[in-house]
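A quick write-up on the structure given underneath.
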Amino acid sequence: MLVSEFMLQQTPVPRVEPVWLAWMQQWPLPSALAAARRADVLRAWGKLGYPRRALRLHAAAEVIAAEHGDVVPADLDALEALPGVGSYTARAVAAFGYGRRCPVVDTNVRRVVARAVHGHGDAGPARTAADLADVDALLPAADRPAAVVSAGLMELGAVICTARTPRCGICPVRAACAWQAAGRPEYTGPRKPVQTYAGTDRQVRGRLLDVLRGSDGPVERAALDAAWGDGAQRDRCLDSLLVDGLAEQLDDGRFALPA
DNA sequence: TAGCCGTGGTG
DNA sequence: TCACCAAGGCT
């Protein structure tokens, strides 16, 4: 559950599934992952994106192996103390991994609540405490049923109450939906700015890392030079990869994934 | 807290 | 074609 939630942070389910299957096969226990080399972890992560998540998962596995008896903790505070684990991931593990009654708020749930409960076309900016309270009010008292409802809320948002074209015609909560009752008014609040990608450091970092990932051993600087034309931007991005621990420079000047 | 961090599918 | 979007977290 923890591995899947890491992978699902900002990455669609269909792309995660095959990687998750192979990952769990290779590293069935936190201690196994903790013992792996970061280079192998980054290669197994493949092109899921945001590769810092892979390093954080690896670091979380180290903590779990060393401090939690090789068992993912069930306690929210202990979970959130793990690198790469925020409010959403901690709560998802508690609810779906341990069957606890624990409000899980992700982008899907926020949208479902915004529509079905508040009658808005979409969720505005996150209001963490209020969002948790909204969802808490929807959960049954007992652990197991609450966990089922939490999963249902996420699924509803992912499959029916989607961002672009909600399938209201087949929605199981249509009769109780405040947005439907209000005539499905369009969302008028602030939109989160769309992230550009082409030409950004993110794209360049991705290109550089792809070169390192695709090579069995260290690569010459020239191989990285070929990955992006703008030398200044390339150097800046390579440096940032080194700083982030996603790449290393060897004594001979060549570059590689971290050991 | 707004902006950054990858990648690829889609309407 | 190209915004927009996808089960966030960190600083």
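Computed from a predicted model, the values in this text were never measured in an experiment. Protein chains get the first letters and strands the later ones, always in sequence-line order, with residue 1 at the start of each.
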When we call it a touch if two heavy atoms are under 4.0 Å apart, what does [X] touch: a base, just sugar-phosphate, or nothing?
| X | value |
| --- | --- |
| A:Ala92 | nothing |
| A:Tyr197 | base |
| A:Arg15 | base |
| A:Val13 | base |
| A:Gln203 | nothing |
| A:Gly86 | sugar-phosphate |
| A:Pro51 | sugar-phosphate |
| A:Thr162 | nothing |
| A:Thr165 | nothing |
| A:Arg213 | sugar-phosphate |
| A:Leu209 | nothing |
| A:Thr107 | sugar-phosphate |

What nucleotide among [options] has an atom nearest to a side-chain atom of [X]?
| X | options | result |
| --- | --- | --- |
| A:Gln9 | C:dC5, C:dA7, C:dG9 | C:dG9 |
| A:Arg52 | C:dC5, B:dC5, C:dG8 | B:dC5 |
| A:Glu5 | C:dA7, C:dC4, C:dA6 | C:dA7 |

Within the modelled atom types, does a donor on one side and an acceptor on the other bring the side chain of [X] and the base of [N] under 3.5 Å apart?
| X | N | value |
| --- | --- | --- |
| A:Arg202 | B:dT7 | no |
| A:Thr11 | B:dG6 | yes |
| A:Gln10 | C:dC5 | no |

Let me know the distance between [atom1] of [X] and [atom2] of [N], rounded to the nearest Å.
| X | N | atom1 | atom2 | value |
| --- | --- | --- | --- | --- |
| A:Lys192 | C:dA3 | NZ | P | 18 Å |
| A:Leu8 | C:dC5 | CG | C1' | 15 Å |
| A:Leu48 | B:dG8 | CG | P | 10 Å |
| A:Arg53 | C:dG8 | CZ | P | 9 Å |
| A:Leu55 | C:dC10 | CG | P | 13 Å |
| A:Asp201 | B:dC4 | CG | P | 9 Å |
| A:Leu208 | B:dG6 | CG | P | 11 Å |
| A:Gln195 | B:dT7 | CD | P | 13 Å |

How far does the [atom1] atom of [N] sit from the matching atom of [M], given to the nearest Å?
| N | M | atom1 | value |
| --- | --- | --- | --- |
| C:dA6 | B:dT1 | P | 23 Å |
| B:dT10 | C:dA7 | P | 15 Å |
| C:dT1 | B:dG6 | P | 26 Å |
| C:dC4 | B:dG3 | P | 16 Å |

Tell me whether the OP1 or OP2 atom of [N] has a side-chain N or O from [X] closer than 4.0 Å.
| X | N | result |
| --- | --- | --- |
| A:Thr89 | C:dA7 | no |
| A:Arg205 | B:dG6 | yes |
| A:Tyr88 | C:dG9 | no |
| A:Lys47 | B:dG6 | no |

Among A:Arg111, A:Arg191, A:Arg115, which residue satisfies the salt bridge (Lys or Arg N to Asp or Glu O under 4.0 Å) criterion with A:Asp122?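 Going through the options one by one, the only one that passes is A:Arg191.
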Take atom CG in A:Asp252; do more than 12 heavy atoms of anything else shown fall under 6.0 Å from it?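 Yes, enclosed.
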Would you find more than 12 non-hydrogen atoms of other residues, nucleotides or ligands less than 6.0 Å from A:Glu80 atom CD?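 Above 12, so yes.
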Is there a side-chain contact between A:Ser150 and A:Met154, using heavy atoms and a 4.5 Å cut-off?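 No. Closest side-chain heavy atoms not under 4.5 Å.
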Flag the pair A:Trp23 / A:Leu57 as yes when at least one side-chain heavy-atom distance between them is below 4.5 Å, and no otherwise.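 Touching, per the 4.5 Å side-chain cut-off.
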Honestly, is A:Arg184 close enough over A:Trp179, meaning NZ or CZ under 6.0 Å from the six-membered ring centre and within 45° of the axis?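 Judged by the rule (NZ or CZ under 6.0 Å from the ring centre, within 45° of its axis), A:Arg184 counts as positioned above A:Trp179.
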SG/A:Cys177 to CZ/A:Arg174 distance, rounded to the nearest 0.5 angstrom?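 A:Cys177 atom SG to A:Arg174 atom CZ measures 9.0 Å (nearest 0.5 Å).
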How far apart are the closest heavy atoms of A:Pro73 and A:Val93, and which atoms are they?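 Looking at all heavy atoms of both residues, the closest pair is O-CG1, 4.3 Å.
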